[in-house]
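Protein chains get the first letters and strands the later ones, always in sequence-line order, with residue 1 at the start of each.
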2 protein chains.
Amino acid sequence: MHSPSEQNYIQQLSIDCVIFGYQQKQLNVLVPKLDFRGDFWALPSGFIFQGEGIDQAAQRILEERTGIKDIYLDQFRVFGDAERSNSSFLERIIHLNEDKLGDNRFNRKELEWITRRFVSIGYYALVDIYKVIPQKSEIDESMEWYPIRDLPTMIMDHNEMVAQALETLRLNLDQKLIGFNLLPETFTMKEVQELYEAIYDKPFARNNFQKKILDLNVLERLEKKFTGAANKAPFLYRFQR
Amino acid sequence: MHSPSEQNYIQQLSIDCVIFGYQQKQLNVLVPKLDFRGDFWALPSGFIFQGEGIDQAAQRILEERTGIKDIYLDQFRVFGDAERSNSSFLERIIHLNEDKLGDNRFNRKELEWITRRFVSIGYYALVDIYKVIPQKSEIDESMEWYPIRDLPTMIMDHNEMVAQALETLRLNLDQKLIGFNLLPETFTMKEVQELYEAIYDKPFARNNFQKKILDLNVLERLEKKFTGAANKAPFLYRFQR
């Protein structure tokens with residue numbers, strides 16, 4: 001991370017990333033724990049260079065934190081309440097970590113810069129956990145996947161950000177299914193249903209679900225391979241090119 | 001408008017408002033023409049005070065420009081390409097209006113402030129044209145409703161903003177129908193259909209449309225009044241409380 005006190009970033013504007021990870025029928029969120037005494041968790045965040053588009057900044061932050069490029073990600077909301085940036089959590093960090101301040105990770109000048117009011121643009125991504133190598137930043141103690149139902153309490157409005165990102169993910173899943181690139185080359189309807197059930201956190205009726213997905217007109221059904229028990233083998237699908 | 005060069009605003013962050021107006025089966029957009037030689041149109045815009053939430057700032061800007069309070073409005077997207085704020089149009093304004101600069105509307109210091117790169121949060125609203133009294137600002141020559149199909153070419157990415165706001169309006173219309181407050185206390189299915197047709201710019205089949213709207217479960221059907229030709233009178237509806 002470049003020193004945020006430099007004037008090379010747009011001031012008072014940040015990006016927070018909700019990185020959803022899917023694996024084994026489970027939806028998770030990537031959450032760093034800050035390397036300060038006091039147990040602080042915060043979404044992966046960053047700032048926007050003066051010469052950088054906001055989408056490019058989000059891609060850069062995501063790449064720095066996950067090691068993978070060209071992830072599909074999108075804005076979902078801007079968080080800009082006047083009160084959201086009251087710096088009580090920063091005061092707690094300072095109070096609990098007086099001895100650590102002044103080291104080369106986070107000096108007082110940077111603290112001043114970062115304790116101003118911030119408006120934050122929320123981005124979300126949905127990735128295959130197997131493709132990600134979480135990269136903690138120099139102010140993180142660790143960075144781990146947490147099941148969506150068992151997230152730690154994060155600083156500021158970050159838990160609310162996850163809730164709103166999840167709402168957007170659910171609303172857009174039908175349209176974005178291909179883009180998320182979460183299914184293998186060929187897959188069964190059951191695998192699609194498991195993905196939906198993880199994201200919506202509820203079961204779907206099999207027949208209705210199949211009809212709904214086929215009505216999206218994005219899948220191509222492949223021939224069943226002939227096997228001894230062909231009639232019991234599920235159909236395989238792939239996305240239309 | 002307060003002088004933007006003062007430090008009371010968040011720098012490099014603006015709000016642009018796409019104000020849709022519905023009237024007589026027509027969808028329009030409220031677009032000011034700037035009071036500078038050269039024919040410049042721009043969406044109603046403003047900045048965010050240091051102590052003000054972004055939603056409150058958008059409400060304030062909308063109220064300043066329409067004279068009405070408590071309009072339903074919502075964010076639809078942030079526009080933040082690095083190149084969007086290249087100041088070519090401002091250079092043209094300056095070139096064409098050298099003699100006007102320095103008057104009390106727009107001095108050079110303000111021009112410097114405003115020609116920096118800006119990230120802009122797009123908000124949209126949908127209002128009843130009859131309830132609005134457009135209020136031009138001191139830098140506007142006029143402020144008028146333009147049919148959505150006949151908008152002037154605006155500065156920067158403002159035409160693209162309208163396109164994206166319209167896409168969001170269409171996506172959310174089913175959910176937001178009550179909130180927009182565009183229909184009278186009681187109304188016919190035909191009036192709902194006309195509103196949808198204006199917003200989607202296409203006709204809907206009557207029976208399918210009625211079923212779709214009733215399936216939203218937000219309408220209450222009222223008893224037909226007894227009249228001589230009762231069987232020909234259309235049913236009246238109102239929103240469920």
Gap between atom CD of A/Q56 and atom CG of B/D81 - 0.5 Å precision: 6.5 Å
Interface residues of residues 119-127 of chain B facing chain A - heavy atom cut-off under 4.5 Å: B/V119, B/I121
Spacing of B/F79 atom CZ and A/Q75 atom CD [to the nearest 0.5 Å]: 8.0 Å
Let me check something: any side-chain donor-acceptor pairs from residues 154-162 of chain B under 3.5 Å, sequence neighbours excluded? List them with distances.
| residue | atom | partner | partner atom | Å |
| --- | --- | --- | --- | --- |
| B/D157 | OD1 | B/R84 | NH2 | 3.0 |
| B/D157 | OD2 | B/R84 | NE | 2.7 |
| B/H158 | ND1 | B/L43 | N | 3.0 |
| B/N159 | OD1 | B/M154 | N | 2.6 |
| B/N159 | ND2 | B/P152 | O | 3.1 |
| B/E160 | OE2 | B/Q164 | NE2 | 2.8 |

Most chain B-contacting option - heavy-atom pairs closer than 4.5 Å, from A/L171, A/L13, A/V78: A/V78
Test salt bridge (charged side-chain N to carboxylate O under 4.0 Å, His left out) applied to A/R117 - qualifying residues, sequence neighbours left out: none
Atom pair CD/CZ of B/Q50 and A/R116 - distance to nearest 0.5 Å: 6.5 Å
Interchain contact, A/I48 with chain B, by part (heavy-atom threshold 4.5 Å): side chain
Proximal component of A/D74, with respect to chain B [non-hydrogen, under 4.5 Å]: side chain
A/R170 atom CZ, neighbour heavy-atom count above 12 within 6.0 Å: yes
A/E167, CD atom: more than 12 neighbouring heavy atoms under 6.0 Å: no
Tell me which donor-acceptor pairs under 3.5 Å the side chains of residues 208-218 of chain B have, and how far apart each pair is, sequence neighbours excluded?
| residue | atom | partner | partner atom | Å |
| --- | --- | --- | --- | --- |
| B/K211 | NZ | B/D215 | OD2 | 2.7 |
| B/K212 | NZ | B/D174 | OD1 | 3.1 |
| B/K212 | NZ | B/D174 | OD2 | 2.9 |

Heavy-atom pair of closest approach, residues B/G51 and A/A82: O-CB, 3.4 Å
